[in-house]
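Taking it in order: structure first as structure tokens, then the write-up.
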Amino acid sequence: MPTTAPTALALADVTASDSTLRRFLHGLPGVDAVGLEARAASLGTRSIKTTAKAYAIDLAISMVDLTTLEGADTPGKVRALGAKAVHPDPTDRTTPTTAAVCVYPDMVAAAKEAVAGSGVKVASVATAFPAGRAALDVKLADVRDAVAAGADEIDMVIDRGAFLAGKYLKVYDEITAVKEACGDSARLKVIFETGELSTYDNIRRASWLGMLAGADFIKTSTGKVAVNATPANTLLMLEAVRDFRAQTGVQVGVKPAGGIRTSKDAIKFLVLVNETAGEDWLDNHWFRFGASSLLNDLLMQRQKLATGRYSGPDYVTVD
Amino acid sequence: MASAFEYAPAPESRSVVDIAPSYGLFIDGEFTDAADGKVFKTISPSTEEVLSEVAQAGAEDVDRAVKAARKAFEKWSALPGSERAKYLFRIARIIQERSRELAVLETLDNGKPIKETRDADLPLVAAHFFYYAGWADKLDHAGFGADPRPLGVAGQVIPWNFPLLMLAWKIAPALATGNTVVLKPAETTPLSALFFADICRQAGLPRGVVNILPGYGDTGASLVAHPDVDKVAFTGSTAVGKEIARTVAGTRKKLTLELGGKGANIVFDDAPIDQAVEGIVTGIFFNQGQVCCAGSRLLVQESIQDELLDSLKRRLSTLRLGDPLDKNTDIGAINSAEQLARITALTEQGEAEGAERWSPACELPSSGYWFAPTLFTNVTQAHTIARDEIFGPVLSVLTFRTPDEAVAKANNTQYGLSAGIWTEKGSRILAVANKLRAGVVWSNTFNKFDPTSPFGGYKESGFGREGGRHGLEAYLDV
């Protein structure tokens, strides 16, 4: 944490220029990679059984951003996904709904229709997802499109090239512009693509940069690269939101995305949330899983807890 | 859904370990009663339940065991190193195979969490046997001259904080170098050593090479004083270490001592704060702080004191204290009523001398020996809790302003076993580490152990090194 007192963190000063912003971000405490990974691994050995497991599975289901991000997406496919988000397990109506469905901007309208009245949100990946390599005008148009079609949440990717080149102010300005385009109706999730940022120090700096620029959520990755969400990078981002709230009073959500496929993995992430940021983050307003295949494993585990028997992949829907 | 993520109990099964109602001494490959028939009870510190009754070795038994070891020494030391290695490798593999059983046993007898016995103690125990098995046929190349010779019979006395690990630290290098062993485990934790005796039989180790004599201090004293013991190795308190040094003085016996400590954990203002907090927790709350190399003095740079303490207190609030067999338990029971009384007395003295005490809200079980994780701030070098080894989950926080002051304060102790440095600056790690008078200096980590790395102390923390190539020297005539 920077040593500024909470009330004295004058954002205007920090973001006055590239150099003040750099000085601030590079003044954040370093991250010891070995220690961070050891801590994430040790929290991964928590043994979550019986009632705690049932609670965790339902919580995890309610935190899923059920996602389809394929070039081949059609309105029909999105409708099926929406139906599944509303009733994840048609055989058991006590199953909670997922948090959101996450689609490309041109599918937002279809998704809205599919989840209408259910409380399930529609999230959309805008800003030239997943590469982010487009002019700001194009990115903003992308965002406005999605918002106009009714998106409740925008998942934006940052310009990793600018970040790695040290042009922090450019990244900051882009995020603030996108935040403005989101208006009051959509929450903004900022995706760092942590696998491309390469160092933990960079991930911490990106987290703070995103939060300073007004992110409602910080998100690990697009799911489209080799290294996506890991327990270590999520732990690091949880530390960042915890410290940011302690300093500014503003709470920011966290969303690990990509590569979380099993209930066991998801529960490990919930333990990280519980023991790092704390229980204030343990609901789907503040924590999400960006995942598509995770939900079915959660449903199978849920059925196992309810019936005492494993069913199988044909007892959950394939949408 | 409930309102909070409460972890349901996840206890490890006790049924994997079969504890007999009574155990004998292990002499010359056989379990036998004590000559005078004395026995004592060993209890589980977390419940005060009696686990078993154990024979208590007297002077006559010590003599029998040393004679058996002497006799076995002739054949054992004459074996080629590669043959001795086979036995050690076999022991290491059996330990791995039986590690779950041994982990549960150790947790029951010692009170430490299963998480530690399972993930730290047992893997290290096996690793030590594997490591020294590798040395057994390479002693000529260890840097102690051609054909270094074993010393003879090693009398070894070990403490209760890491019962099986300390046994491994003592027995593995002794056997690898061709010595035979008479070992006395601590009176509160004799069971894993007796299970180890069984493992020696399972491995087909020749009779008399390893002898185990449970007992109290007087058993240890007779062992140390026995005229036919060639080498004494002791890990334990500084007071007992001094007594042993006096007994051994003037004899031909070789001696190594691993004694108390009051390790300084130095956190500079550019440290990776979150990992430093983890390191502080590992440093002092690992094994309830009952670790001779614990980082029991936190030296924090004044400029980040408030921030670091806030983080540390928040972190301590997440520690889970309770049933050591629960896989989610971070803090287990204190090993004995006696030790609990000592910790209690020292912390009361800390308060009386003006230090500020803090513990997280934490419910202690109604039976067994428990002590909540405790933090003392406003501590100075003049306070007893900054000088005396507490050997419990109690951290004293001191501050410094410059690196020189940090080094001066860290070295201002009668001990010198361990220290830690937390900084992102590599040059500072090297500069400070060179000035610290401590046997182990960890940088950006704490309480990391490995069989390849030597361990031992300066000043009243003892002399001699265990582990690594250096650890061979204590068991060789060089």
Side-chain angles (χ1 to χ4, degrees), chain A residues 1-5 26-43 45-62 94 96 200-201 204 235-236 238-240 242-243 246-247 267 270-283, chain B residues 1-12 113-116 118-120 267-282 286 301 303-308 310-311 314-315 317-320 325-330 422-426 429 442-448:
Chain A
M1 261 174 287
T3 48
T4 336
H26 286 255
L28 294 165
V31 184
D32 185 83
V34 175
L36 176 72
E37 286 167 11
R39 172 68 176 150
S42 82
L43 284 176
T45 66
R46 287 282 191 229
S47 186
I48 306 301
K49 302 287 181 209
T50 61
T51 53
K53 187 174 179 182
Y55 172 76
I57 285 174
D58 275 7
L59 186 59
I61 291 172
S62 78
T94 65
Y200 289 124
D201 286 328
R204 173 166 288 174
L235 173 59
L236 180 54
L238 287 163
E239 287 170 354
R242 176 197 71 196
D243 293 346
Q247 288 218 22
I267 291 171
L270 293 180
V271 170
L272 295 180
V273 178
N274 190 36
E275 300 204 28
T276 307
E279 60 184 62
D280 287 356
W281 270 265
L282 273 179
D283 66 43
Chain B
M1 273 188 247
S3 61
F5 194 9
E6 294 289 347
Y7 305 157
E12 174 68 71
I114 185 78
K115 196 172 87 172
E116 292 180 10
R118 179 193 65 191
D119 299 343
V267 182
F268 288 98
D269 59 5
D270 63 347
I273 299 288
D274 291 304
Q275 285 76 51
V277 166
E278 289 308 314
I280 294 162
V281 169
T282 308
F286 181 62
Q301 195 151 9
S303 52
I304 55 160
Q305 181 189 199
D306 293 345
E307 192 186 320
L308 185 76
D310 284 350
S311 299
R314 185 184 56 226
R315 175 67 177 86
S317 307
T318 67
L319 286 175
R320 305 168 66 85
L325 275 177
D326 190 320
K327 292 166 198 159
N328 292 328
T329 292
D330 299 313
W422 296 84
T423 170
E424 280 280 279
K425 203 172 157 109
I429 291 173
W442 283 292
S443 68
N444 291 339
T445 189
F446 211 94
N447 271 347
K448 279 264 182 287

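Each chain gets a letter, A, B and so on, in the order the sequences are listed, and its residues count up from 1. All values below come from the heavy atoms of this structure, side chains included, with hydrogens, waters and symmetry mates left out.
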Identify which part of A:L36 has an atom lying under 4.5 Å from any heavy atom of chain B, answering side chain, backbone, both or neither. both
Turns out that what part of A:V271 lies under 4.5 Å from chain B's heavy atoms comes down to both
Pick from B:K327, B:K115, B:R315, B:E6: which one has the most heavy-atom pairs with chain A under 4.5 Å? B:R315
Using a 4.5 Å cut-off on heavy atoms from C-beta on, say whether the side chain of B:V277 contacts that of A:E239. no
Look up atom OG in A:S42 and atom CG in B:D330, then write down how far apart they are to the nearest 0.5 Å. 8.0 Å
Which residues satisfy the side chain to side chain donor-acceptor pair (under 3.5 Å) test with A:E275, sequence neighbours excluded? A:R46, B:Y7
Which bit of B:T445 is near chain A, if near means a heavy-atom gap under 4.5 Å: side chain, backbone, both or neither? neither
So for B:E278, is it side chain, backbone, both, or neither that comes closer than 4.5 Å to the heavy atoms of chain A? side chain
Listing, residues 267-275 of chain B side-chain donor-acceptor contacts under 3.5 Å, not counting sequence neighbours, or none:
{"from": "B:D270", "atom 1": "OD1", "to": "B:T423", "atom 2": "OG1", "distance (Å)": "2.8"}
{"from": "B:D270", "atom 1": "OD1", "to": "B:R428", "atom 2": "NH1", "distance (Å)": "3.3"}
{"from": "B:D270", "atom 1": "OD2", "to": "B:T423", "atom 2": "OG1", "distance (Å)": "3.0"}
{"from": "B:D270", "atom 1": "OD2", "to": "B:R428", "atom 2": "NH1", "distance (Å)": "3.4"}
{"from": "B:D274", "atom 1": "OD1", "to": "A:R242", "atom 2": "NH2", "distance (Å)": "2.7"}
{"from": "B:D274", "atom 1": "OD2", "to": "A:R204", "atom 2": "NH2", "distance (Å)": "2.6"}
{"from": "B:Q275", "atom 1": "OE1", "to": "A:D32", "atom 2": "N", "distance (Å)": "2.9"}

Highest number of heavy-atom pairs under 4.5 Å with chain B among A:D201, A:T51, A:L270 belongs to A:L270
Identify the two heavy atoms, one from A:A52 and one from B:A8, that lie closest to each other, and give their separation to 0.1 Å. CB-N, 3.4 Å
